[in-house]
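Please read these numbers as outputs of a predicted model, since none were measured by experiment. Below, chain A is the first sequence line, B the second, and so on; all start at residue 1.
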2 protein chains.
Amino acid sequence: MLGHGQAGNTKLVKQMNRHLLISRLREYKRVSRADLAKLTELSRPCVSSLVDEMIREGLINEVGVGESKGGRKPILLEYNFKAKGVIGAVFEGSTLHMSIADLSGELLFNYGTRLSQPTNGETAIRALEVGVDVLLKQSGFDKDHLLGIGIGLPGITQRTDGTISYAPSTGWMGLPVQQEMEARLRIPVFIENDVNLMTIGEFHQGIGFGVRNQVHMYVGTGIGAGIIVDGQFYRGFREAAGEIGYMMIGPVGRTRRGEYGVFERNYSVSGITEKARLILTGWNEDTSVIAELMRQSEGGNREAEQLLEDIYVHWAHGMVNMISVLDPELLIINGEMVNIGEQGIKKLNQLLAEWVPFVPPVKVAALGIKAGIIGAIQIVLEALT
Amino acid sequence: MLGHGQAGNTKLVKQMNRHLLISRLREYKRVSRADLAKLTELSRPCVSSLVDEMIREGLINEVGVGESKGGRKPILLEYNFKAKGVIGAVFEGSTLHMSIADLSGELLFNYGTRLSQPTNGETAIRALEVGVDVLLKQSGFDKDHLLGIGIGLPGITQRTDGTISYAPSTGWMGLPVQQEMEARLRIPVFIENDVNLMTIGEFHQGIGFGVRNQVHMYVGTGIGAGIIVDGQFYRGFREAAGEIGYMMIGPVGRTRRGEYGVFERNYSVSGITEKARLILTGWNEDTSVIAELMRQSEGGNREAEQLLEDIYVHWAHGMVNMISVLDPELLIINGEMVNIGEQGIKKLNQLLAEWVPFVPPVKVAALGIKAGIIGAIQIVLEALT
DNA sequence: TTTGATAGTTAAGATGACTAACAAAGTGTC
DNA sequence: GACACTTTGTTAGTCATCTTAACTATCAAA
């Protein structure tokens, strides 16, 4: 494909070159016009004219003079990260977490609030509005300097029209969150599934930084995966890619119609808990199952040891299946899996190496609770910068 | 991402617009300059000038006059599919199949030959040269009107430098097929794994035509899958995507180091044959295992029936695992799987519906032996038109 | 101080798309 | 058949943007 499937004209050329300059500038931080010309293979006059234009617009700043390389000293340029702010929001249970970031994606201020129960769409949206106001005041950005808002929601989000098409845990079914927020705030709003955002966050600022093909496996109440292909979040045809809870791993049992999710039923936190209950003595179920299993296993509980082994093996099965389909460069584990520790990782690696000749590095998610918010901010930056 | 990561200039604009026109012309077959202007949103003078240029170059032909829509009759244009030829070649065992096609991808002439044993790189390349000569003569294209050659090879091909990095069945390890052929023929040569080409062929001209997200499952001596994401063949980080023979399906057994492929060991044709041998009476192993199992199962052989059921269930597991990871729009089955017939497909669909809420249509590959050659031709067309 | 290099700007030229106007070739209506 | 109106395609001139070539500004080192 040599073409780009799009009509070209001078406007497009200029837009492309401006974005090329900006992206190089973001990448190399402090460079001169001459450097940019070399980096982009554009002529120096062209770079100068575009840079001047963007300086006038406030997108770029001149920030001092650099070292001479045998001639006139270069004027260093910097992308003006502070030109606009971006807000990310994530609903987690009945809590709303929000942060404001600059154009570099760096979080500047945070905000959190508990939603009044019962949560319905209206209270959620009003809470968002309050959060936006607070963050704008704290950070000193005014409304015109807000690039956009990214919102993470539980359930399946219909990205085309911005409504929530499926969200059993909240009462928000069918709510046009995006339209509503855009109408009220008059800035671009993007919504996305909260788990997807964690993957995107880890990819942009976490342990997966810079790796263009990676898979995230998340074990929580359910089991899911986030897939990044060639630097893009992969959604599948029905937005259902990565729903690996449906994989055929572990005992199939009697399947009743409409009761899907074999892997999930067996090896999600809920599935594991059911089995662990019968084995562990004196376990406070508010704490991590895996941590407790590890503790009691080391304490000599043979059954716990066996269950743990069984869990490792079947988690590894899930990983093998994804690896064999996708051949990723990196595999990131998250959720309850982060509790397995160094030896757990080692164990998983051993198992994987037994079954596949090409095992990608397995790493633990690094951002924790912040991943979702960072992801929310990143989808805005990706779409609008 | 608003930008394209590339510097823009007038040359690029022209190239983009030329390709845009060509692609619309290929799509809509016979249209006027005015129609093209509407389709591409380019101005009529611009379309006229580009079209005239391409007519002079022989890429486009004027082919008569169309019906008036209330004004002057339009001059109909057609992409000149006959402007250049493309050759596709596939090695299959000791046989070499080749075809020449025009720019529409339609096969014009075929050629086949048996390679003298033992096959080494030199004999293979010489056979290719002969085939090219024969096909050029038959079709009347001269060498200058050959766009390129696509070659399908067994084993893993290193696409970056065009060498075969792994091909156990042939004696071609490390052979720089691409460079060698380009040096001898002086036209672009593309090499690709033969199974991948079957997927690409089915996508462009077979049962998967027009579906931009699809997965092909192939059961033969081994088990593999071809993945098309957003119209592009997906290769993974180490060119190992779709190696689903490694999936953890069926009995794991004792795994010796370096002996990978649980799914493959259990449910490839080889794996099935091992089990079938003990059950089937009077089976000629040159014929399809599945066909024979179906026949004897209907004839009342209970054990054959059970094995067949077991095979369906585990093939379906493999399909479920791929579906849950990738969420494709279409699933195409190929190889030994094509022998399961209508009822077999129905059975698979039932099983899938039990385990996943979103089951894509399951269809049988349509092109048979030609798929590989068509795929080889398509990778050339994709790269160079 | 001179020489040579690097950084940045200015001016002129090239390219290619766009607009406006027009010619060519129809249809339809009275 | 004359006239109005459409659609197709071309011509001529304008505009936007990049490029080249030449110039100024600034600096290091001999």
Side-chain angles (χ1 to χ4, degrees), chain A residues 3-22 24-25 28 30-57 60-78, chain B residues 3-22 24-25 28 30-57 60-78:
Chain A
H4 300 64
Q6 205 201 338
N9 54 35
T10 52
K11 293 259 182 251
L12 178 75
V13 168
K14 188 169 178 179
Q15 190 193 327
M16 285 174 67
N17 290 340
R18 279 177 57 124
H19 276 96
L20 184 62
L21 285 173
I22 290 285
R24 288 290 172 284
L25 199 49
Y28 292 87
R30 304 173 118 241
V31 288
S32 65
R33 291 169 175 80
D35 292 332
L36 281 176
K38 278 172 210 149
L39 288 169
T40 58
E41 299 195 301
L42 290 166
S43 65
R44 279 179 303 164
C46 175
V47 171
S48 272
S49 121
L50 292 176
V51 163
D52 291 350
E53 188 178 288
M54 291 192 280
I55 286 177
R56 280 195 299 279
E57 291 170 16
I60 293 180
N61 287 335
E62 293 188 336
V63 286
V65 194
E67 286 302 292
S68 162
K69 292 174 210 158
R72 174 173 169 178
K73 287 180 182 168
I75 304 167
L76 295 183
L77 304 169
E78 201 172 61
Chain B
H4 300 63
Q6 205 201 339
N9 53 34
T10 51
K11 295 263 181 238
L12 179 75
V13 169
K14 187 169 178 179
Q15 190 194 329
M16 286 174 66
N17 289 342
R18 278 177 57 123
H19 276 97
L20 183 63
L21 285 173
I22 290 285
R24 288 290 173 282
L25 199 50
Y28 291 89
R30 305 172 118 243
V31 289
S32 67
R33 290 168 174 79
D35 292 332
L36 281 176
K38 278 174 210 149
L39 288 170
T40 59
E41 299 195 301
L42 291 166
S43 64
R44 280 179 301 163
C46 175
V47 170
S48 273
S49 121
L50 291 176
V51 162
D52 291 350
E53 188 177 287
M54 291 193 278
I55 286 178
R56 280 196 299 279
E57 292 170 16
I60 293 181
N61 288 334
E62 293 190 332
V63 287
V65 193
E67 286 301 294
S68 162
K69 292 173 211 158
R72 174 173 168 178
K73 288 180 180 169
I75 304 168
L76 296 183
L77 303 169
E78 200 172 61

Contacts of A/Ser43 meeting side chain to side chain contact (heavy atoms under 4.5 Å, CB included) (sequence neighbours excluded), chain-then-number -> A/Pro45, A/Cys46
Start and end of the DNA chain C segment that chain A contacts, any atom under 4.0 Å from a heavy atom: C/dG4 to C/dA17
Less than 4.5 Å apart, side chain to side chain, heavy atoms only: is that true for B/Ile55 and B/Val51? yes
Which parts of nucleotides 17-25 of chain D does protein reach within less than 4.0 Å, heavy atoms only, written one letter per nucleotide 5' to 3' as B for base, S for sugar-phosphate only and - for none? SSBBB---B
For B/Arg30 and B/Glu78 the tightest heavy-atom approach is NE-OE2, 3.4 Å
Output all residues satisfying salt bridge (Lys or Arg N to Asp or Glu O under 4.0 Å) with A/Glu62, sequence neighbours left out; order by chain, then residue number. A/Arg33
Just report the end-to-end axis angle for the helix from C/dT1-D/dA30 to C/dC30-D/dG1, five pairs per end, to 10 degrees. 10°
When rounded to the nearest 0.5 angstrom, what distance separates OG1 in B/Thr40 from CD in A/Gln6? 12.0 Å
Would you compute the distance between atom CG of A/Leu42 and atom CG of A/Leu36 and round it to the nearest 0.5 angstrom? 9.0 Å
Sub-4.5 Å side-chain heavy-atom contact between B/Leu25 and B/Val31: yes
For A/Glu53, salt bridge (Lys or Arg N to Asp or Glu O under 4.0 Å) partners two or more places apart: A/Lys14, A/Arg18
Residues in salt bridge (Lys or Arg N to Asp or Glu O under 4.0 Å) contact with A/Arg24, at least two apart in sequence or another chain: A/Glu27
In residues 60-69 of chain B, which ones come under 4.0 Å of DNA chain D, going by heavy atoms? B/Lys69
In whole Å, what is the span from the CD atom of A/Glu53 to the C1' atom of D/dA16? 12 Å
Excluding sequence neighbours, so at least two apart, what forms side chain to side chain contact (heavy atoms under 4.5 Å, CB included) with A/Val65? A/Lys73
Set of residues satisfying salt bridge (Lys or Arg N to Asp or Glu O under 4.0 Å) with respect to B/Arg44, sequence neighbours excluded: none
Taking only residues two or more places apart in sequence, or in another chain, which ones meet A/Lys69 in a side chain to side chain contact (heavy atoms under 4.5 Å, CB included)? A/Asp35
